Amino acid sequence: MTDASAAAQRAASVPVIVGAHAGPGASAHDTGARPDSDLLEGLNPQQRDAVVYRGQALLIVAGAGSGKTSVLTRRIASLLRTKDAWPSQILAITFTNKAAGEMRERVESIVGEAARGMWISTFHSACVRILRREADNFGFTKAFTIYDSGDSRALIKRLVKEHEADAFGLTPAATQSRISKLKNELADAESYARTVNMSDPAERVFVELFGAYQRELQKANAFDFDDLIAQTVYLFRAFPKVADVYRRRFRHILVDEYQDTNHAQYALIRELTRPIGSDAEPYAAGGGMMIFEAEPAAEDAASLTVVGDSDQSIYAFRGADIRNISEFEKDFPGAKVVLLEQNYRSTQTILSAANAVIGHNFDRKDKKLWTDVGAGEQIVGFTGYSQHDEAQFVADETEALRRAGVDYSQMAVFYRTNSQSRALEEIFIRAAVPYKIMGGTKFYERAEIKDALAYLVAVANPADEMALRRIINKPRRGIGDVTIETISRYAADEGITFRDALGNSSALGVGPKIQKAIAHLDLVLAEASEKMLPASGELAPPTAVAEGLQLLLNKGGYYDALRASKDPQDEARVENLDELVAVAREFARNNPEGTVLDFLTEVALVSDADDLDDATGSVSLMTMHTAKGLEYDAVFVTGVEEDLIPHRISANEPGGPQEERRLFYVGITRARKRLYLSLAMTRAQFGEVTVAMPSRFLQEIPADLLHWRQSPGDVNSRGGMQSRALNARRPGGGSGSGGFGGSGKRYGDDLVPLPRREPSGNLEKFANRIPAKVRDNGDMELGPGDRIRHDDFGEGKVDAVTGEGAKRVAHVRFEKAGLKKLLIKIAPITKL
DNA sequence: CCTTACATCCTTTTT
DNA sequence: GGATGTAAGG
């Protein structure tokens, strides 16, 4: 509501007055010079179109690096400048909170104060805002909390156990992902039950679980991530009057990364862009497309702008439906489509490689990125013997770039799975390269942080029994499962909540020691509650959250327990908790009126990518998923191996290999000037060393674009365990036996055998050819004293053998090369 | 009720 | 290799 008054205030200071609800109409841009002409400077004709178009529906197909963020921000600025919209009429949806923050900043830098009052946020944040306002309408309270995937997994785990559902193959993980998928399709337990054969006991149990899960959430006054969207849609459908409030308010809706929206998000957009008052009468809801009813007053519907690129759709696994974007024109008849193909980010070499790779996806609209900045450097390829060797190459190369004047913050290292970061991290530490891991074991997923937050939840939302159960014995208070069950039964018998039962510790019939512990916990929670949630009408001081948190941790005994512990990790845990308190203080500074709930909401909805990268002066490490939307001068894509990218699991999923290719495409198009593709011949995956094969995607890159610093062939014919990063040998010579994939496994649908391109230069003749087999010495027996010959190092004597099985390492003293460690299974050695 | 030892599963990707 | 779960003993 402050938005509205702020807008009104500004309205007084500008010459053109537009009625409060009279939307666009008489816009200013028909007369004379455009008020937004400065916004169009430096834009190409297509970008211009996208900024100035005014109509019901606009699809901006924005290839990687085509300046879409700039277009989107200028479009918003233009809407404001031309008085086609008030700030409060704009709803812009981005993929991450960070993207939202950046967009807001950029709009503000153009139009200044006038940007206030816009909603620029993620789907999830926007829905929380709406739900908090409307929660009382449908069986929740404003104090609802948000379950992240860990929370809901814990709940599901408990339910699976209670229903003995694992007997039907319903593991917690499987159940969770099925429920999530269904929610993304806007199904609930009842509607799902109608579609399946309920005589199948497994289905019956699943429906039972789904229903129980939902009841538990409601009882706990909590939403999970998927609910935030789906329940908002239900809210709008069940209460058209409420929906109309938001339809009236948001006249211009803009959605970024539209290719990654799922059905629920699509439905939400659909609801918001209906004409006001249009669903006074019921309409066919539920699965699939809804037909746009003949609307009497189409101009009443909000205008919709979506931006996306189907080649960058990488979230199908969590329900993103590429049809949302590919059928946009069908969904919104008369929609205007603008195509942005000129790339302002990368060199032509990088773009050609990207085009070639993505061109292998069939069933896609052909789109070719181009640039006028020139070819630039060749892509560099490197093959390490192990992931450590590969990491060493990356570290050495970052150092070389640094010396050449590239700032660390302009370099990034990508990988497919989070676990790959470990090897990189080890080497980076040793090489003293400053780095920052985005994501990974996330701060807010650490046990101690979750515990601390559970304390806050226990205060802010007493209905949330999960949170209470989590902290009731942390630190150890002697309250185990038996006691918890006792409390739970007592609460049920008395018809009170679990939280209230804690207040009656003397009535529980537990031992005096335990009774005292419960009473103490109850007291601490009550005290914190008083601090953070003053009686209605009063406002808690900004510092209340931070102080309340400290109170809980101190008086609750959490800090003491950690400090008393002799586990060295607990020291780090204390530091993490201190950091959380600091986060709470920071929050208070930015949101003087922020409540505990606001704090918890913010914390629940931050993502890795948000974890702000003022990584000033450090190299960024992240997954390719996290990399979406970012760009760097130099990019290293590591682990370019079969089973990793494309990931092994994707092989059996419909469309899996294609999505993996898009992911790889996203990775390489992040690079501005330099792109490195690296892999390792062996990779330690959960203890065992496995032999890795070069990714099929490497073959899809034209040979003349890729210069192998050390090709898979080099590694195959010559051996060794230490890094070759700095003294890399020339590629070519003697390498490149055999073709690709010979006897190897086959994957998925799209392993297309490529005719080999004739390489342009002789020097790198077979450089891009990928060998089928890696050397394998089988179970070569070696022991101390044995003499061996190594292809590179010559003869030497074995000092010792360590490790087991495939990981056996020989420590060898060579006559010329000195002491080396060799992985016996694959080193190019023969026993003498 | 807590601690320890052993077993098992696992690894995509995330709001 | 790591986290998480189960069984046994204290």
Side-chain angles (χ1 to χ4, degrees), chain A residues 93-100 121-128 146-150 152-154 157 161 166 171-173 177 180 183-184 223-230 257 260-262 264-265 313-320 414-423 438-442 444-447 473 475-486 510-511 513-514 517 601 603-611 622-628 639 643-653 656 659-660 662-664 666-667 683-690 804 807:
Chain A
I93 303 283
T94 60
F95 199 66
T96 63
N97 291 295
K98 182 180 154 216
S121 67
T122 62
F123 271 107
H124 296 268
S125 305
C127 287
V128 170
I146 300 163
Y147 278 17
D148 66 20
S149 3
S152 58
R153 190 168 54 248
K157 195 181 276 176
K161 206 180 222 170
D166 37 1
T171 63
S177 98
S180 171
K183 285 186 174 182
N184 287 334
F223 295 101
D224 66 20
F225 277 144
D226 302 313
D227 277 344
L228 293 177
I229 316 287
E257 308 284 11
D260 285 324
T261 51
N262 62 34
Q265 293 165 332
S313 163
I314 53 174
Y315 284 101
F317 71 90
R318 71 170 203 223
F414 302 157
Y415 35 82
R416 176 64 232 271
T417 65
N418 278 306
S419 59
Q420 289 168 250
S421 67
R422 199 177 310 135
M438 330 272 283
T441 314
K442 288 158 252 172
Y444 291 108
E445 280 176 20
R446 293 170 186 278
N473 200 32
R476 300 234 145 81
R477 299 184 169 91
I479 303 173
D481 289 343
V482 179
T483 310
I484 291 176
E485 265 319 293
T486 309
V510 294
K513 218 168 158 183
I514 294 176
T601 302
V603 162
L605 296 180
V606 290
S607 66
D608 314 333
D610 300 332
D611 192 16
M622 70 192 85
T623 67
M624 283 182 243
H625 281 90
T626 309
K628 188 170 76 158
D643 287 356
L644 222 42
I645 176 86
H647 197 278
R648 152 193 296 258
I649 292 173
S650 75
N652 303 317
E653 288 167 3
E659 175 147 317
E660 295 288 307
R662 291 194 291 270
L663 183 58
F664 186 61
V666 166
R683 193 164 286 276
Q685 268 180 335
F686 93 103
E688 284 299 285
V689 172
T690 56
E804 290 287 316
K807 285 198 308 188

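Numbered from 1 within each chain, the chains take letters A, B, ... in sequence-line order. Being a predicted model, the structure only gives us computed values, none of them experimental.
Panel note: side chain Asn473(A), backbone Ile479(A); a donor-acceptor pair is recorded below 3.5 Å. His124(A) places no side-chain N or O within 3.5 Å of a backbone atom of Leu228(A) that could act as its donor or acceptor partner. Of the possible donor and acceptor atoms, none in the side chain of Arg416(A) sits under 3.5 Å from a partner among the backbone N and O of Ile645(A).
Of the candidate nucleotides dT14(B), dT6(C), dT4(C), dT6(C) has the atom lying nearest to any side-chain atom of Lys161(A). Residue Val482(A) places its side chain closer to dC1(B) than to any other of dT12(B), dT14(B), dC1(B). Distance from the side chain of Lys157(A) is smallest for dT4(C) among the nucleotides dG2(C), dT4(C), dT12(B). When the nucleotides dT12(B), dT15(B), dC2(B) are ranked by their closest atom to the side chain of Asn473(A), dC2(B) comes out on top. Comparing dT6(C), dC1(B), dT11(B) by their closest approach to the side chain of Ser419(A) singles out dT11(B). For Arg476(A), the listed nucleotide lying nearest its side chain is dC2(B); candidates were dC2(B), dT14(B), dT11(B).
Stacking between Tyr315(A) and dT13(B) is absent: the aromatic ring centre is not both under 5.5 angstrom from the base six-membered ring centre and within 30 degrees in plane angle.
Protein atom CE of Met624(A) is 19 Å distant from nucleotide atom P of dT11(B), rounded to whole Å. As rounded to whole Å, 10 Å separates atom C1' of dT14(B) from atom CD1 of Ile314(A). Atom pair Arg648(A):CZ and dT12(B):C1' shows a separation of 12 Å (rounding to whole Å applied). Straight-line distance from the CD1 atom of Ile93(A) to the C1' atom of dT15(B): 12 Å, rounded to whole Å. Here dT15(B) presents its C1' atom at 8 Å from CD1 of Ile229(A), a figure rounded to the nearest Å. Atom CD of Glu485(A) and atom C1' of dC1(B) are 15 Å apart (whole Å). Computed from coordinates, the Phe95(A) CZ to dT14(B) C1' distance equals 7 Å when rounded to whole Å. The distance from atom CG of Leu644(A) to atom P of dT12(B) is 11 Å, rounded to the nearest whole Å.
Using a 4.0 Å heavy-atom criterion, one finds that Asn184(A) contacts no nucleic acid atom at all. At a threshold of 4.0 angstrom between heavy atoms, the contacts of Thr483(A) are confined to the sugar-phosphate backbone, with no base atom among them.
Residues Thr261(A) and Phe123(A) meet the side-chain proximity criterion, which asks for heavy atoms closer than 4.5 Å. Looking at heavy atoms from C-beta onward, Ser121(A) lies out of side-chain contact with Thr94(A) at the 4.5 angstrom threshold. Within the 4.5 Å cutoff, the side chain of Thr623(A) has heavy atoms near those of the Tyr415(A) side chain. Side-chain contact between Met624(A) and Ile314(A) is absent, with no heavy-atom pair separated by less than 4.5 Å.
Place Ile479(A) and His625(A) on DNA chain B by their nearest nucleotides, and Ile479(A) ends up nearer the 5' end. Each of Ala173(A) and Thr623(A) lies near DNA chain B, and the nucleotide nearest Ala173(A) is the one positioned closer to the 5' end.
Not one side-chain nitrogen or oxygen of Asn262(A) sits closer than 4.0 Å to the OP1 or OP2 atom of dT15(B). When the side-chain nitrogen and oxygen atoms of Asn418(A) are compared with OP1 and OP2 of dT13(B), one or more of them lie within a distance under 4.0 Å. Look at Ser650(A) and you won't find any side-chain N or O under 4.0 angstrom from OP1 or OP2 of dT12(B). Listed pair Lys628(A) / dT14(B) fails the phosphate criterion, with no side-chain N or O lying under 4.0 Å from OP1 or OP2.
Comparing the same atom, P, in dT13(B) and in dT4(C) gives a spacing of 15 Å after rounding to whole Å.
Between Phe317(A) and His647(A), the distance from one ring center to the other does not fall under 6.0 angstrom.
Residues satisfying the side chain to side chain contact (heavy atoms under 4.5 Å, CB included) test with Asn262(A), not counting sequence neighbours, are Asn184(A), Ala264(A), Gln265(A).
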Dot-bracket summary - DNA chain B, pairs being Watson-Crick or G-U whose distances fall under 3.5 Å, with | when paired to another strand:
|||||||||......

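If you check distances only, the side chain of His647(A) never reaches the base of dT12(B) with a donor-acceptor pair under 3.5 Å.
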